[in-house]
Amino acid sequence: MKNLVIVESPSKAKTIQKYLGGDFVVTSCMGHIRDLPGNDKAIDVANNFTPVYEVNDDKKKIVAELKKQAKQADVVWLASDEDREGEAIAWHLVEALDLPEDKTRRIVFHEITKPAILKAIQQPRGIDTALVDAQQARRVLDRLVGYGLSPVLWRKVQRNLSAGRVQSVAVRLVVEREREIQAFTSTSQFRVQAEFLVDGKSVVAELPHRFDTEEEAQAFLERCKGATFTVNGLETKPAKKRPSAPFTTSTLQQEASRKLGYSLSRTMKLAQDLYEAGHITYMRTDSVNLSELAIGAMAQVISAEYGARYSNPKNYTTKVSSAQEAHEAIRPTDTTVRNAGTTEAHVRLYELIWKRTVASQMADAELERTIATIGVSTISETLTATGEVLIFDGFLKVYMESTDEDTDSEDSKMLPPLSVGQVLPLDHITAQEKFQRPPSRYTEASLVKKLEELGIGRPSTYAPTISTIQARNYVVKEDRDGWKRDVRSLTLRNDQITRLVEQENTGAERSKLFPTDIGGIVTDFLLQHFDEIMDYNFTASVEKQFDEIAAGQRKWNDMIAEFYGPFKEDLDRTAETAERQSGERLLGVDPKSGKNVYVRLARYGPVAQIGDADDENKKMKGLTGALSIETITLEQALELFKFPYVVGDFEGKPMVIKVGRFGPYIDHEGFFASIPKGEDPLTITAPRAEELIIEKRKSVAERTIKTFDEDPDAQILKGRWGPFVKFGKRNLRIPKGTDAASLTYADVLKLADEQPDPAAAKKAARKAAKATAEPAAKKAAPKKKAAKKAAKKAVKKAVKKK
DNA sequence: CAGTGAGCGAGCTTCCGCTTGACTT
């Protein structure tokens, strides 16, 4: 073999193989191959923060294979991405594969096109060790921060929690936004709009200022009685709309969320599939750059399809300062392909990418905006009517970006032809009460947008980060019901003023991010003791230092040492002095018992408590639904203690309303039915409870394929991925091609025997760990760690085998 | 899933960023 080329992704390897031909073998390493081990030996703090790297467990096979191939090759070309992480991957490959310098070449390209690859081969270089050092600084800093802060949280707040440079700031954003919303008091104003009828067409004009009170609005309408309305001025201005830049990871996530309603992980999975099938370029990118080839190809498609006037070839420059631009923007690999993808969801995402990319290469839309000033004979103030006419649609023919804010500005309409001095016949004037909107809650995608603006996180981590903060229960993605409020309006028609009070729904949310109590408590705790890391500019400031390291102006160990000194002091001081955080609040006094009522975070979550901590007869109830420690009232807390109660009898047995870990439910002598969110468990009626029990029975029956007389704990059920056997607490898989309904109890026992029991495996692994650890414990501690690791592996293996 | 919450204490948890599959009830 003459040449071995190593890239990061197998799909990329396949494409490049086509461009390079027979003298080259192109293969992939699947991203990072080595990393710090997950223990406290990973960084030798006392020795200049020297990191210890290990080949990742899931990369051992790949590394072995690459090593073999590298030995046989004359030249090894390291073609990992052209950024900090990519440079580090190349360096780790040199180290892990023992590559001799004289047969190793480092090459880079930021687009996968034949000319770019061939050019790169002509310009090989060595490893940029300064850039590698910048990556090491990044890696070590993140480990020190994450593994430094998390244990403090275990001690001071709750077990299994985590903190880190990226996730903790993401949570902070959600927590602070929620507090802004809670603190927001919505004031209203009256907006005045007049509607005229000109040749059967409606012209809507607005008073530029709003009234704070109904009385002022009323007074204004009174003054408009009997007035004539005349066009005082007409002004037309040309305007342009520009297409948006092609997609990056973050903008794709935002648009797929807004236009298609996809979650981050769904979008990324679909994009990955399209990428692997060769339909789109790489989907984890921060660049809006398009290759020259792509721009040329698109110009042809646009001219052919829409006419030359619609084509406006151009490249975009990124506005994101943290961008490393190792790849192109996300675009179709072949613009002539209008449809791609195997499922409806894939097709829709591809279409979105196609339209966005093509639109980016099209001409601006041209508009004409008209502003008419309308005088009112009885007063000095004027009304304004605005209209918009599309002169040339340009890129709008293909694509229009949507926005996060669902503004209630009416669509800009066309105005009928008007002339100065023209008298407009009034149909009516309405003063409508308009409430100020509180800041909007984050969606997954808008939180990513915010993080990107702050330079926090990378395209490959946006979706996982948002998943992590939900997995840790710092943040929940939920729908919330709104509430009704009165909206007043006054309408002047035929010199008569009528007043109307209508109800509107407000505050309803869909798929928005809400902080949990634990999210709030952890954020406050970290802000109090580690304000530097929680600062929204922390990442930007360390990034600047990483850049200095990359430029060779600074040694990475020095930078880390400078950071770690004060950080370690904060860690130690906090561990020693900080009290355990429970978010406890005293709500007031229970009128029945005269005891204090508290809310706080207990072991299994937030609780309300009647009685002080040392009260032997204190009572506790878990907080349910949307109740939170921060906002719960005394009345709401006392309501919780009304459970459990009997709502009525059904089939001779009582229906008891209870609140469990997963919310309110009906206990019908051991048969459980949840009370849906949005229904108040305190006012539920007996007939409704019966209905819920019957519904639940039906769904259980539908789910059940077969039961066994021999063992009521064994059932064949329908699951999300087809039929499976529920065997006590275990779930057994049914081999492909087996008719689930025909399984006998003996078959079930056989399946149980064949398939490993993860719980038992875990137990066994623990035991094994203990057995090996105990004799070693006398001598040396490190061996104990090794045993633990072995145990962990054994569990993983046992579970995997299944 | 389904009434938990004391106290003791063993054993455990955790970061960010680069990649795919394997797997999910």
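Residue numbers begin at 1 in each chain, while the letters A, B, ... track the order of the sequences.
Residues passing the side-chain hydrogen bond (donor to acceptor under 3.5 Å, both in side chains) test with A:Tyr645: none are found, sequence neighbours excluded. Among residues two or more places apart in sequence or in another chain, the side-chain hydrogen bond (donor to acceptor under 3.5 Å, both in side chains) test is passed with A:Lys642 by A:Glu639. When the side-chain hydrogen bond (donor to acceptor under 3.5 Å, both in side chains) test is applied to A:Ser265, the partners found at least two apart in sequence or on another chain are A:Ser263. Applying the side-chain hydrogen bond (donor to acceptor under 3.5 Å, both in side chains) criterion to A:Ser250, with sequence neighbours excluded, gives A:Gln254, A:Glu452.
A:Gly38 comes within 4.0 angstrom of a nucleotide base, judged by non-hydrogen atoms across all strands. If you check every strand for non-hydrogen atoms under 4.0 Å, A:Pro644 touches nothing. Contacts of A:Tyr462 with the nucleic acid, taken as non-hydrogen atoms under 4.0 Å apart, are absent. Residue A:Arg600 is out of contact with every strand shown, counting any heavy-atom pair closer than 4.0 Å. A:Val145 comes within 4.0 angstrom of no nucleic acid atom, judged by non-hydrogen atoms across all strands. Within 4.0 Å (heavy atoms only), A:Ser162 reaches sugar-phosphate atoms of the nucleic acid but no base atom. Across all strands shown, A:Asp81 has heavy atoms under 4.0 Å from sugar-phosphate atoms exclusively, and none from any base. Within the nucleic acid shown, A:Gly31 comes within 4.0 Å of at least one base atom, counting heavy atoms only. When heavy atoms are screened at a 4.0 angstrom cut-off, A:Ala163 is found touching the sugar-phosphate backbone but no base atom. Within the nucleic acid shown, A:Ser9 comes within 4.0 Å of sugar-phosphate atoms alone, with no base atom in reach, counting heavy atoms only. Among the protein residues, A:Gln272 comes within range of the sugar-phosphate backbone only, with heavy atoms under 4.0 Å from sugar or phosphate atoms but none that close to a base. Backbone-only engagement by A:Gln167 is indicated by non-hydrogen atom pairs under 4.0 Å involving sugar-phosphate atoms exclusively. Within 4.0 Å of A:Phe671, counting heavy atoms only, lies no atom of the nucleic acid at all.
Here the closest non-hydrogen pair linking A:Tyr474 and A:Ser162 is OH-O, 2.6 Å.
Remark: DNA chain B forms no stem of 3 or more consecutive Watson-Crick or G-U wobble pairs with all pair distances under 3.5 Å.
Of the candidates B:dG17, B:dC18, B:dC15, B:dC15 carries the atom nearest the A:Tyr147 side chain, counting heavy atoms from C-beta on. Comparing B:dC16, B:dT14, B:dC18 against the side chain of A:Arg138 picks out B:dC16 as the nearest. Comparing B:dA6, B:dC15, B:dT19 by their nearest atom to the side chain of A:Thr468 picks out B:dC15.
With hydrogens and angles ignored, a donor-acceptor pair under 3.5 angstrom links the side chain of A:Arg139 to the base of B:dC15.
Listed pair A:Arg34 / B:dC18 fails the phosphate criterion, with no side-chain N or O lying under 4.0 Å from OP1 or OP2. Close to B:dG3, at under 4.0 Å from its OP1 or OP2, lies a side-chain N or O of A:Tyr665. Between A:Arg159 and the phosphate of B:dG9, there is no side-chain N or O to OP1/OP2 separation shorter than 4.0 Å.
Under the 3.5 Å distance criterion, with hydrogens and angles disregarded, a donor-acceptor pair is assigned to the side chains of A:Asp273 and A:His346.
Judged by closest nucleotide on DNA chain B, A:Leu149 is the one of A:Leu149 and A:Arg284 placed further toward the 5' end. Along DNA chain B, the nucleotide closest to A:Ser150 and the one closest to A:Ser460 are compared, and the more 5′ of them pairs with A:Ser150.
Sequence neighbours left out, the pairs with a member in residues 139-148 of chain A that pass side-chain hydrogen bond (donor to acceptor under 3.5 Å, both in side chains) are A:Asp35-A:Arg139, A:Arg138-A:Asp142, A:Asp142-A:Arg165.
The existence of a salt bridge linking A:Asp615 and A:Lys595 is confirmed by a sub-4.0 Å separation between a basic side-chain nitrogen and an acidic carboxylate oxygen.
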